[in-house]
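For reference, the structure discussed in these notes is given below.
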Amino acid sequence: MPMKIPEDLQNVLMPVDTFTKARRVRVPGKRLEAMRKAAREFRAQMLAGPQVRYYRSLGLVRVPYPSRYAFLNAGRIASPYVHIFNRLFIVQVDTSDGLKTLLLSPSDVDRNGETPFFSRLSHSFGKLENVGTKLIAPIENTVESALARSGIRPEQVDFISYDHLHTQDVRRWLGGDGFEPYFPNARLLVMREEWEAMQGLTPPQAEWYCPHGARGVAKDRVVVLDRDVMVGDGLALVRTPGHTMGNHSFVAHTPDGLLVTSENGVGPDSYAPLHSRVPGLARYAEDTGMEVVLNGNTLEGGLEQYISMVVEKEIAGPSPRNPDFPNIASSSELTAYWLFPGYRPSFGLGDVEFGKLQVA
């Protein structure tokens with residue numbers, strides 16, 4: 001059944017059909033090549049269209065993450081953890097219904113720590129829990145402070161969205177379960193598989209989801225999507241299942257080309273392992289023929305994740321800053337940290353800004 005766009009958003013969300021036929025190919029190897037071809041077609045379509053009005057990424061919090069998950073089967077450093085940097089993306093797009101402001105990956109850094117995995121890690125410090133948490137998970141910004149720096153008022157935010165909902169609690173932003181909404185006008189854009197999964201998690205999933213992270217959120221604050229969509233001019237939400245089965249990627253047309261964001265991989269090294277200086281990745285790619293290295297903490301769909309990562313790198317194309325790596329802006333990106341020696345990204349985008357923010 002075709003997705004029904006809410007009536008008041010029909011000039012904002014436009015269905016995309018480029019990948020529909022390729023996703024129906026049953027044989028995995030043939031589906032991979034069909035999806036690769038569709039990704040190249042979609043890249044050409046996006047580049048021929050308008051750019052987003054404004055794009056900015058800001059670092060929020062650095063968090064420890066098991067190295068065995070970050071580079072599934074590929075890393076060769078004894079350090080049990082790497083550091084990943086959670087980022088917030090502020091995007092403004094033109095639509096037939098006027099300018100729209102979106103926050104992509106607006107993590108509630110206070111509630112993130114309630115995710116079972118991170119909660120246990122924090123408690124492992126015992127009496128030094130507060131000191132230990134600040135040491136291994138330093139906060140650079142909160143969503144509130146990042147928006148204050150940018151000049152955006154909470155009521156100006158039209159949509160929030162996450163490539164997936166691991167560690168996320170949306171109640172502070174949207175209201176529900178005793179929380180007053182910080183963003184009074186915002187709605188969540190989420191794929192149906194991801195939203196429905198949160199209503200009945202299995203133990204392997206629950207390890208990575210914030211308990212009750214969406215409890216009590218009003219239905220009219222959530223826009224459930226069944227397909228890829230364009231959000232106004234220059235921004236797409238493309239279904240890329242794997243890391244979770246409801247995963248999607250943000251594709252933003254910027255002056256630096258198409259920037260692709262998700263957490264299927266933990267940075268550009270994951271998408272170009274043959275060029276990576278991260279110990280083990282190039283050798284793994286040479287030995288196995290793997291084009292990409294999965295971020296594999298839950299493995300909800302490893303084969304689909306592999307295909308999705310190929311799609312992401314094909315859409316992104318080479319980075320103009322380092323053409324050995326695709327134009328990937330991971331929502332949780334590998335970063336060097338003294339406490340976890342041995343892992344240093346070969347290339348990373350970091351914080352960027354394009355265009356002029358409108359703060360009417």
Of all pairs that satisfy ring pair (Phe, Tyr, Trp, His ring centres under 6.0 Å), the ones with a partner from residues 247-279, not counting sequence neighbours: H248-F250
Which residues share a side-chain contact (heavy atoms from CB on, under 4.5 Å) with P279, sequence neighbours left out: I77
For F325, the rest of its hydrophobic cluster, which grows through side-chain links under 4.5 angstrom: F347
Pairwise distance CG(L99) to CG(D94) - rounded to 0.5 angstrom: 5.5 Å
Under 3.5 Å: donor-acceptor pair, side chain of D158, backbone of T101: yes
Atom pair CZ/OH of R76 and Y284 - distance to nearest 0.5 Å: 10.5 Å
Cluster overlap F179 with V109, hydrophobic side-chain contacts below 4.5 Å: no
All ring-ring contact (aromatic ring centres under 6.0 Å, His included) counterparts of F19, not counting sequence neighbours: F42
Residue list, ring-ring contact (aromatic ring centres under 6.0 Å, His included) with F354, at least two apart or on another chain: none
Interatomic distance, L334 atom CG to S276 atom OG [nearest 0.5 angstrom]: 8.5 Å
side-chain contact (heavy atoms from CB on, under 4.5 Å) involving S67 - partner list, sequence neighbours excluded: V82, Y343
Non-hydrogen side-chain atoms of V238 and V16 separated by less than 4.5 Å: no
Residues that Y81 engages under ring-ring contact (aromatic ring centres under 6.0 Å, His included), provided they are two or more places apart: F340
Between CH2 on residue W173 and CG on residue L188, distance to nearest 0.5 Å: 13.0 Å
Validation row: R23, D228 side chains within 4.5 angstrom (heavy atoms): yes
Neighbour count above 12 (heavy atom, 6.0 Å) for Q199 CD: yes
Which residues share a side-chain contact (heavy atoms from CB on, under 4.5 Å) with E155, sequence neighbours left out: R153, P184, N185
Residues in side-chain hydrogen bond (donor to acceptor under 3.5 Å, both in side chains) contact with R321, at least two apart in sequence or another chain: D256
Inter-residue atom distance H166.NE2 - T298.OG1, 0.5 Å rounding: 4.0 Å
Atom pair CD/CD1 of Q156 and I90 - distance to nearest 0.5 Å: 9.5 Å
Counterpart residues, side-chain contact (heavy atoms from CB on, under 4.5 Å), relative to S308 (two or more places apart): T240, P241, N264
ring-ring contact (aromatic ring centres under 6.0 Å, His included) against F159, all qualifying residues, sequence neighbours excluded: none
H243 side chain near S262 side chain, heavy-atom distance below 4.5 Å: no
R36, CZ: over 12 other non-hydrogen atoms inside 6.0 angstrom: yes
Non-neighbouring partners of E304 that pass salt bridge (Lys or Arg N to Asp or Glu O under 4.0 Å), sequence neighbours left out: R31
R43/E314 salt bridge by N-O under 4.0 Å criterion: no
